[in-house]
Amino acid sequence: MNIFKEPGEMHAWARKQTLAGKTIALVPTMGFFHEGHIALMRLAASRYDLVVVSLFVNPTQFGPNEDLDRYPRDFERDMVLLKGEKVAAVFAPTPEEMYPPGFQTEVQVRTVTTHLCGRSRPHHFAGVTTVVTKLFNIVQPDGAVFGEKDFQQLAVIRRLVSDLNIPVKIIGHPIVREADGLAMSSRNTNLDPANRAAALSLSGALRMAREMAGRGQTSVAELQEALENYILSFSATAIDYVSFVDCDSLEPVTRVDERTVLALAVHVDGKVRLIDNGYVMPRTGE
Ligand code: PAF
């Protein structure tokens, strides 16, 4: 497996593979791998000749009081976890290589970034779309795989590639969950046992919404009240949002139907911000 730290070297290698007729999938990550990341890599490997994994904790997508310093990092551990996976190259640049002195460009998607996470994290998505554009330019992959846990991020990236005619196929991978329902996230490592119990309020709320909708309760106002009370019944939880939105536009809805996604963001113990989502009326198998 090749490890590249420098954008020029990464680009030269990828270009050589493309000229040799190989297709490339990029899996953009911030590292501290878990089964969810491995699932993205395996999906990428099942569809493309070569998989490139980028590993970069992107400072520009964190706000001033967010968890950039606490975000878990362990490069050696990550490299061990990649052993046995079909990953041809890892791109792990430093912030200085990605944002050298004089850097002053930002790529911004407008409307779809204003809801949900965009409200409490106003600069987050510009950081994501800028770094993803850079990664696409450096690696020039044929496809890229993103997790559906970051439901809004996936919608924003689909918008980005469509609006800017970026020739990369965007593939979403369903949320990978722990046995107890907690959506896998690198941030879960920052949960102590008491907080981990509270973290289950997100998947529990999703289950509750599905049960209530299954019994014919489709009023968002009533579902929202029930879900917020449920989440706040767990110790040390603070709600960022409990939102019922259209799956494409991400606009809020007042009644749930087959297109409605419940999107959740909850702070646990003031330290860990967790997100989760899912269709409220999933078709069989979702
Ligand atoms: O989803 C993530 O891990 C990050 O937002 C991404 C896409 C790697 C950009 O930094």
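Every value quoted in this text rests on a predicted model; they were computed, and no experiment measured them. Quick note: numbers below take in every heavy atom, side chains included, and nothing from hydrogens, waters or symmetry partners.
Atom CZ of Arg119 has 12 or fewer heavy atoms from other residues, nucleotides or ligands within 6.0 Å. Counting heavy-atom neighbours within 6.0 Å of Glu97 CD, excluding the residue itself, gives a total above 12. Environment of NE2 in His267: crowded, with over 12 heavy atoms of neighbouring residues, nucleotides or ligands closer than 6.0 Å. Annotation: Arg259, atom CZ; neighbour count of heavy atoms from other residues, nucleotides and ligands within 6.0 Å is above 12.
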Q: Take Tyr99 and Val131, measure what side chain to side chain contact (heavy atoms under 4.5 Å, CB included) needs, and give me the verdict at the end.
A: CA-CA 10 Å; Tyr99 304 109; Val131 80; 3.6 Å; yes
Q) Can you list the steps and then say if Val51 with Glu85 is a side chain to side chain contact (heavy atoms under 4.5 Å, CB included)? A) CA-CA 10 Å; Val51 177; Glu85 300 303 326; over 6 Å; no
Q.
Under the criterion side chain to side chain contact (heavy atoms under 4.5 Å, CB included), I'd like the reasoning laid out for Ser219 against Glu225: C-alpha separation, chi angles, the key distance, then a yes or no.
A. CA-CA 10 Å; Ser219 152; Glu225 189 184 349; over 6 Å; no
Q: Take Ser54 and Met10 through the side chain to side chain contact (heavy atoms under 4.5 Å, CB included) test and state the conclusion after the steps.
A: CA-CA 10 Å; Ser54 66; Met10 176 73 252; over 6 Å; no
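A salt bridge does not link Arg121 with Asp240: every distance from a Lys NZ or Arg NE/NH1/NH2 to an Asp or Glu carboxylate oxygen is 4.0 Å or more.
The backbone N or O of Arg158 sits nowhere less than 3.5 Å from a side-chain atom of Ser162 that would complete a donor-acceptor pair. A donor-acceptor distance shorter than 3.5 angstrom exists from the side chain of Asp78 to the backbone of Phe32, with no hydrogens or angles considered. Between the side chain of Thr260 and the main chain of Asp246, no donor-acceptor pair closer than 3.5 Å is present. Proximity of a side-chain donor or acceptor of Ser186 to a complementary backbone N or O of Gly31 within less than 3.5 Å is detected. Using a distance-only test at 3.5 Å, with no hydrogens or angles considered, no donor-acceptor pair links the side chain of Thr130 to the main chain of Gly127. His173 contributes no side-chain N or O that, together with a main-chain N or O of Gly147, makes up a donor-acceptor pair within less than 3.5 Å. Counting only distance, with no hydrogens or angles, the side chain of Lys22 and the backbone of Leu50 share no donor-acceptor pair below 3.5 Å. A donor-acceptor pair under 3.5 Å links the side-chain atoms of Asp192 to the main chain of Ala194, judged by distance alone. Looking at Asn277, its side chain does come within 3.5 Å of a backbone N or O of Glu148 through a donor-acceptor pair. Side chain of Ser243 to backbone of Val245: no donor-acceptor contact under 3.5 angstrom is found.
In terms of hydrophobic clustering, with Ile, Leu, Val, Met, Phe, Trp and Tyr side chains grouped at heavy-atom distances under 4.5 Å, Val90 and Val57 are assigned to different clusters. One hydrophobic cluster, built from ILVMFWY side chains closer than 4.5 Å, holds both Leu223 and Val242. Note: the hydrophobic cluster containing Met184 does not contain Val80 (ILVMFWY, side chain heavy atoms under 4.5 Å, direct or indirect links). Linking Ile, Leu, Val, Met, Phe, Trp and Tyr residues whenever their side-chain heavy atoms come within less than 4.5 Å leaves Ile38 and Leu182 in two separate clusters. Criterion: ILVMFWY side-chain heavy atoms under 4.5 Å apart, direct or through other members. Under it, Phe91 and Val53 are not part of a common hydrophobic cluster.
You'll find the side chain of Arg187 stays beyond 4.5 Å of the side chain of Ile275, heavy atoms only. Two residues are said to be in side-chain contact when any heavy atoms from C-beta on lie closer than 4.5 Å; Val128 and Val156 fail this criterion. Taking 4.5 Å as the limit, some side-chain heavy atom of Ile171 sits within range of a side-chain heavy atom of Tyr48. Between Lys83 and Met79 there is no side-chain heavy-atom pair separated by less than 4.5 Å. For the pair Leu250/Val261, no side-chain contact is recorded, criterion being any heavy-atom separation below 4.5 Å from C-beta on. Contact annotation: the side chain of Tyr241 approaches that of Cys117 to within less than 4.5 Å [non-hydrogen atoms, C-beta and beyond]. Counting heavy atoms from C-beta on, the side chains of Thr94 and Lys5 never come closer than 4.5 Å. The closest side-chain heavy-atom distance from Arg196 to Asp180 is below 4.5 Å.
Classified by interplanar angle (parallel below 30°, tilted 30° to 60°, perpendicular above 60°), the ring pair Phe136/Phe146 is perpendicular. The aromatic rings of His34 and His37 sit tilted relative to each other, their planes meeting at an angle between 30° and 60°. Below 30°, between 30° and 60°, or above 60°: for Tyr71 and Phe62 the angle between ring planes is above 60°, a perpendicular geometry.
Here Met30 contributes atom CE and Leu55 contributes atom CG; the two are 10.0 Å apart, rounded to the nearest 0.5 Å. The distance from the CE atom of Met41 to the CG atom of Leu81 is 8.5 Å, given to the nearest 0.5 Å. Between the CD1 atom of Ile157 and the CD1 atom of Ile170 there is a distance of 6.5 Å, given to the nearest 0.5 Å. Here the CD1-OG1 distance, from Ile166 to Thr133, works out to 4.5 Å after rounding to the nearest 0.5 Å. A distance of 11.5 Å separates CE of Met208 from OG of Ser201, quoted to the nearest 0.5 Å. Here the straight-line distance linking atom CG of Leu160 with atom CD of Gln153 works out to 11.0 Å at 0.5 Å rounding.
The minimum heavy-atom distance linking Arg177 with Leu206 is given by the pair NH2-CD2, 3.6 Å. Across Asn188 and Ala183, no two heavy atoms sit closer than the pair ND2-O, 3.0 Å. Listed here is the closest heavy atom pair of Ala198 and Ser235: CB-O, 3.5 Å. Across Ala209 and Leu227, no two heavy atoms sit closer than the pair CB-CD2, 3.9 Å. The two residues Pro93 and Met98 make their nearest non-hydrogen contact at CG-CG, 3.6 Å. Taking all atoms of both residues into account, the shortest heavy-atom contact from Leu191 to Ala199 is CD1-CB, 3.8 Å.
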Anything under 3.5 Å between a donor and an acceptor, one on a side chain of residues 106-115, the other on a protein residue two or more places apart or in another chain? List them.
unit_1, atom_1, unit_2, atom_2, d
Thr113, OG1, Val109, O, 2.7
Thr113, OG1, Arg110, O, 2.3
Thr114, OG1, Thr111, O, 2.6

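In the model, Asp142 has no side-chain atom that pairs as donor or acceptor with a side-chain atom of Thr23 under 3.5 Å.
Applying side chain to side chain contact (heavy atoms under 4.5 Å, CB included) to Thr237 and the options Leu274, Val266, Leu202 leaves one that passes, Val266.
No cation-pi contact links Arg77 to Phe33, judged by a cut-off of 6.0 Å to the six-membered ring centre and 45° from its axis.
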